[in-house]
Amino acid sequence: MPNSPVFAHTPATLHQLLAQLNQLPHTTQFFVLVDENTSHHCLPIIAHHLPQPYHTITLPSGESNKNINNVQYIWQQFLMQNADRQSIVIILGGGVLGDMSAFAASTYKRGIKFIHIPTTLLAMTDAAIGGKTAINFGDFKNVIGNFTPAYQTIIAPFFLKTLPFVQLLNGFAETIKHALICDKNMFEKLPKNNTFFQTQDINFDWLMPSVQIKQHIVNHDFTEQNQRKLLNYGHTIGHAVESHFLTTTNPLLHGEAIAIGMIIENFLAEHLQILSPNDAHTANNFIASHYRHILRTIHYQNLEKYLLQDKKNQKTNINFSLIASIGSAVYDQFATPQQIQFAITQYNQYVGQMT
Ligand SMILES: NC(=O)c1ccc[n+]([C@@H]2O[C@H](COP(=O)([O-])OP(=O)(O)OC[C@H]3O[C@@H](n4cnc5c(N)ncnc54)[C@H](O)[C@@H]3O)[C@@H](O)[C@H]2O)c1
């Protein structure tokens with residue numbers, strides 16, 4: 001079972017936590033993995049407090065770099081520095097670096113310990129919690145990976161100060177998801193527009209509850225046999241949308257694709273009479289109030305090959321987790337291609353009415 005994440009609200013607290021790593025018995029070496037942005041924005045904040053000496057491995061940023069070539073690069077660096085199973089890997093970055101580096105660490109010499117220090121909102125509330133590692137392969141998102149819990153996850157919200165607005169909004173989609181599947185009260189308290197991201201105050205009061213929802217679910221079902229599937233809400237369509245647009249000149253960020261996925265899946269849930277029209281309307285208007293600018297027309301044909309890839313499907317029926325009301329959700333709901341096409345048509349009309 002994964003360890004609960006630790007919060008470090010100030011750099012001083014984070015420095016204390018890092019100092020404790022020096023006391024870990026038998027540790028041979030430390031590796032710090034960063035991407036080209038976190039090496040500039042985040043590493044300097046902790047560099048003098050990391051266990052010395054350490055090896056830095058810098059990776060290119062961006063979803064298209066979450067691939068086997070970069071995993072091989074990490075493995076090569078580990079080998080060159082004689083990393084062994086007593087080495088510790090510290091991953092300082094967003095979900096792309098986190099998923100890929102955790103995969104590299106979890107497979108090198110049958111697994112070496114890694115610590116997540118997420119630096120994006122999406123990674124703090126989602127990707128760095130729950131032990132899913134992954135890379136993309138071929139055209140398919142996260143198709144190679146495993147379940148390996150991090151040795152520790154440290155959430156330090158002050159890293160968000162340098163995160164661009166678009167990336168804050170990207171991460172907020174997963175918080176909306178957590179509220180919609182689990183917590184009506186939290187949903188009602190979420191900010192109704194995104195002007196709050198433009199302030200310098202990054203101590204969002206919904207951040208810790210969002211982390212706790214994810215942690216609570218994965219604690220009860222680490223390997224996704226049952227209730228962890230609820231976290232896939234918005235992701236069946238969302239991953240297909242993300243995968244498709246990654247092959248175009250107009251890609252979407254993960255959270256943006258999930259926002260589209262949640263709206264389409266709400267129309268689907270309404271069509272399947274799982275979700276009331278009233279709740280579907282409330283949820284969709286809330287999501288649209290934050291993501292209106294990225295909503296775009298979707299064609300079922302572009303998503304089909306990705307939807308059919310899902311191993312949880314039954315023949316051509318696609319497996320979904322859907323909300324049943326604001327704050328509750330159900331998993332293992334199956335829909336036919338025709339029902340999905342109907343939901344996409346509803347979504348396209350909804351988006352059309354906005355312009
Ligand atoms: N493992 C899981 O359970 C899980 C869950 C959700 C999403 N994911 C994965 O997470 C990935 C998306 O992660 P993401 O949204 O964090 O994207 P990301 O890692 O690409 O980070 C976004 C951008 O912000 C930059 N950045 C990171 N921290 C920064 C900081 N503090 N200041 C300035 N710039 C900074 C990065 O270099 C990058 O350019 C996707 O690949 C998705 O599949 C995984």
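Each ligand, and each atom within it, is numbered from 1 in the order the structure gives.
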### Query
Taking atom types as modelled, is there a side-chain donor on Glu270 or Asn266 under 3.5 Å from an acceptor on the other?
no
### Message
According to salt bridge (charged side-chain N to carboxylate O under 4.0 Å, His left out), does anything in residues 143-160 pair up with another residue at least two apart or in another chain? List the pairs.
### Response
none
### Summary
At a 4.0 angstrom heavy-atom cut-off, ligand 1 is contacted by Asp35, Asn37, Thr38, His41, Cys42, Ser61, Glu63, Lys66, Gly94, Gly95, Val96, Asp99, Thr119, Thr120, Leu122, Asp126, Ala127, Lys132, Lys141, Asn142, Phe159, Thr162, Leu163, Gln167, Asn170, Lys214, His254
### Query
Does the pair Lys214/Glu174 count as a salt bridge with the N-to-O cut at 4.0 Å?
no
### Message
Pairing donors with acceptors under 3.5 angstrom, does anything connect the side chains of His55 and Gln29?
### Response
yes
### Message
Regarding Asp139 and Lys305, does a basic nitrogen lie under 4.0 Å from an acidic carboxylate oxygen?
### Response
yes
### Message
Is it the case that the ring center of Tyr350 lies less than 6.0 angstrom away from the ring center of Phe267?
### Response
yes
